[in-house]
S.K.: 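Shown below is the structure under consideration.
Computation of the quantities below employed the complete heavy-atom set of this structure, encompassing side-chain atoms and omitting hydrogens, waters and symmetry-equivalent molecules. Please read all numbers here as calculations on a predicted model, not as lab measurements. Here, residue 1 is the first one in the sequence, and each next residue gets the next number.
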Amino acid sequence: ENDFTLSRSTCTGLLKRPAMTQKLILTTMLSLISLLLLPTAAADDFSYTPEWEKQESVWLGWMAPSEPPNSPGGQLEAAQNQVRVQLISELLRGSRVTLLVSKAADEAHARQMLVAAKLPLERIDFFYAPVSDPFVRDAGPRFASNGKELGVLDIPWPCYGYDPQVIGAYLAECLAREDTANRYAQERSLSMVKGRAVSEGGALDATDTLLMGYLDTAMQRNPGMTQAEIEADYLATYGKQKMIWLSRSPVSDRPGQKAG
């Protein structure tokens, strides 16, 4: 059966299994299906890498202070950045870290906190982006690999499907996040894998052959496209063989709005 639309409850049992068991089950099932139904991908095709693959660097957005230090907002920002420093400390045990910053003052602020925590700056890279926020995975860069080199997915970014009349001036700032992936690919001379359908990195998860996403989010982000057209584009862009649809996204992150 080609229709693989599943409810959240149906997927819960599978996702509660240990990660390696889950991967083995899914890989075995999809390998058998591909022999019967699916075309074999070309050797040079790019594929969106699962989170368990070896990584050169983990990307984080650095949030520079925007409120007076002694104000409630300033105290909250300071506490959040302390958590980021702790997270970076743990990540550096096994990976480099790439921090997105918007300007030189933000980089200087990050360096000051990292030095105070005695973290090795030689393992931390800084990349300038028009907008730096915690949701790096949504607009990207999203990396793919063909087994020989990295590529970057070039996917339309409509800022979570917000109504421009509702969010007003924030729209231009939000849309500017799309530039980060494009500039990184250009500066590193990486291949761009272009997609037509909108997809946010935070709304998708992947194995080496399978892609899982929220159906209501995908439909809201892509008006004028059918589910079949969106699915075909996702699979081609992300280099996967099969799609699992969860019927809707979490209550805290409905289509057309961002959590918080």
S.K.: Are the side chains of F135 and R177 in touch, meaning some heavy atoms are under 4.5 Å apart?
M.R.: yes
S.K.: Heavy atoms, side chains only, cut-off 4.5 Å: are T180 and P130 in contact?
M.R.: yes
S.K.: Heavy atoms only: give me the nearest A129-L100 pair and the separation to one decimal.
M.R.: CB-CD2, 4.1 Å
S.K.: May I ask whether L121 and F127 are part of the same hydrophobic cluster, defined by side-chain heavy atoms of I, L, V, M, F, W, Y residues being less than 4.5 angstrom apart, directly or through others?
M.R.: no
S.K.: Can you check whether C174's main-chain N or O pairs, donor with acceptor, with W157's side chain at less than 3.5 Å?
M.R.: yes
S.K.: With rounding to the nearest 0.5 Å, note down the distance linking CG in D125 to CZ in R96.
M.R.: 4.0 Å
S.K.: Do E178 and N182 have side chains that approach each other closer than 4.5 Å (heavy atoms only, starting at C-beta)?
M.R.: yes
S.K.: Donor-acceptor check, side chain of Q227 to backbone of M219, threshold 3.5 angstrom: yes or no?
M.R.: no
S.K.: Look at the side-chain heavy atoms of Ile, Leu, Val, Met, Phe, Trp and Tyr, link any pair under 4.5 Å apart, and say whether W59 and L87 land in one connected group.
M.R.: no
S.K.: Compute the ring centroids of Y48 and Y234, then answer whether they are less than 6.0 Å apart.
M.R.: no
S.K.: Give the cluster check for I88 versus V115: same hydrophobic cluster or not, with ILVMFWY residues linked at side-chain heavy-atom distances below 4.5 Å.
M.R.: yes
S.K.: How long is the straight-line distance from CH2 of W62 back to CZ of F126, given to the nearest 0.5 Å?
M.R.: 8.0 Å
S.K.: Can you see whether T217 engages E200 through a side-chain donor-acceptor pair at a distance of less than 3.5 angstrom?
M.R.: no
S.K.: Using side-chain heavy atoms (C-beta onward) and a distance below 4.5 Å, is V97 in contact with R123?
M.R.: no
S.K.: Do M63 and Y170 belong to the same hydrophobic cluster, where Ile, Leu, Val, Met, Phe, Trp and Tyr are linked whenever their side-chain heavy atoms lie under 4.5 Å apart, directly or via other members?
M.R.: no
S.K.: Is any side-chain heavy atom of L246 closer than 4.5 Å to one of M212?
M.R.: yes
S.K.: Using every non-hydrogen atom in the two residues, find where F46 and G151 come nearest and quote the distance to one decimal.
M.R.: CE2-N, 3.6 Å
S.K.: Shortest non-hydrogen contact from G239 to S47?
M.R.: O-OG, 3.3 Å
S.K.: Ignoring hydrogens and angles, tell me if any N or O in the side chain of N81 forms a donor-acceptor pair with the backbone of R84 under 3.5 Å.
M.R.: no
S.K.: Can a donor-acceptor pair be found between the side chains of T49 and S145 at a distance below 3.5 Å?
M.R.: no
S.K.: Show the nearest heavy-atom pair for residues T237 and G195, with the distance to one decimal.
M.R.: OG1-CA, 3.3 Å
S.K.: Under 3.5 Å, is there a donor on one side chain and an acceptor on the other for Y160 and D138?
M.R.: yes
S.K.: Step by step, would you call E56 with S95 a side-chain hydrogen bond (donor to acceptor under 3.5 Å, both in side chains)?
M.R.: CA-CA 6 Å; E56 294 180 6; S95 172; over 6 Å; no
S.K.: Hydrophobic cluster membership, with links at side-chain heavy-atom distances under 4.5 Å among I/L/V/M/F/W/Y: are F143 and L153 in one?
M.R.: no
S.K.: So, does R248 use its side chain to make a donor-acceptor pair with the main chain of D216 at under 3.5 Å?
M.R.: no
S.K.: Shortest non-hydrogen contact from A197 to I155?
M.R.: O-CG2, 3.5 Å
S.K.: Could you give the distance from NZ (K242) to CG (L210), rounded to the nearest 0.5 Å?
M.R.: 9.5 Å
S.K.: Compare all side-chain heavy atoms of W245 with those of I230 and state whether any distance is below 4.5 angstrom.
M.R.: yes
S.K.: Take atom CD of Q165 as the centre, draw a 6.0 Å sphere, and report whether it contains more than 12 heavy atoms from other residues, nucleotides or ligands.
M.R.: no
S.K.: How about E51: does its CD atom have over 12 heavy atoms from other parts shown lying under 6.0 Å from it?
M.R.: no
S.K.: Taking all atoms of both residues into account, what is the closest heavy-atom pair of V136 and L60, and its distance?
M.R.: CG2-C, 3.8 Å
S.K.: Could you tell me whether the side chain of L171 reaches within less than 4.5 Å of the side chain of C159, counting heavy atoms only?
M.R.: yes
S.K.: How many angstroms lie between atom CD1 of I244 and atom CG of L215, to the nearest 0.5 angstrom?
M.R.: 13.0 Å
S.K.: Dump the intermediate steps for side-chain contact (heavy atoms from CB on, under 4.5 Å) on I124 and L114, then the final yes or no.
M.R.: CA-CA 10 Å; I124 301 172; L114 296 169; 3.8 Å; yes
S.K.: Taking the side chain from S57 and the backbone from T98, do they hold a donor-acceptor pair closer than 3.5 Å?
M.R.: yes
S.K.: Distance only, no hydrogens: is a donor on one side chain within 3.5 Å (strictly under) of an acceptor on the other, for S199 and Y238?
M.R.: yes
S.K.: Salt bridge (Lys or Arg N to Asp or Glu O under 4.0 Å) with D154: which of R196, K194, R183?
M.R.: K194
S.K.: Under 4.0 Å between a side-chain nitrogen and a carboxylate oxygen: does that hold for D233 and K240?
M.R.: no
S.K.: side-chain contact (heavy atoms from CB on, under 4.5 Å), that's the test. Do Q82 and M113 meet it? Break it down for me.
M.R.: CA-CA 8 Å; Q82 286 292 348; M113 293 193 67; 3.5 Å; yes
S.K.: When rounded to the nearest 0.5 angstrom, what is the spacing between CG in D106 and NZ in K103?
M.R.: 3.5 Å
S.K.: Atom CG of L92 and atom CD of E122: how far apart are they, to the nearest 0.5 Å?
M.R.: 9.0 Å
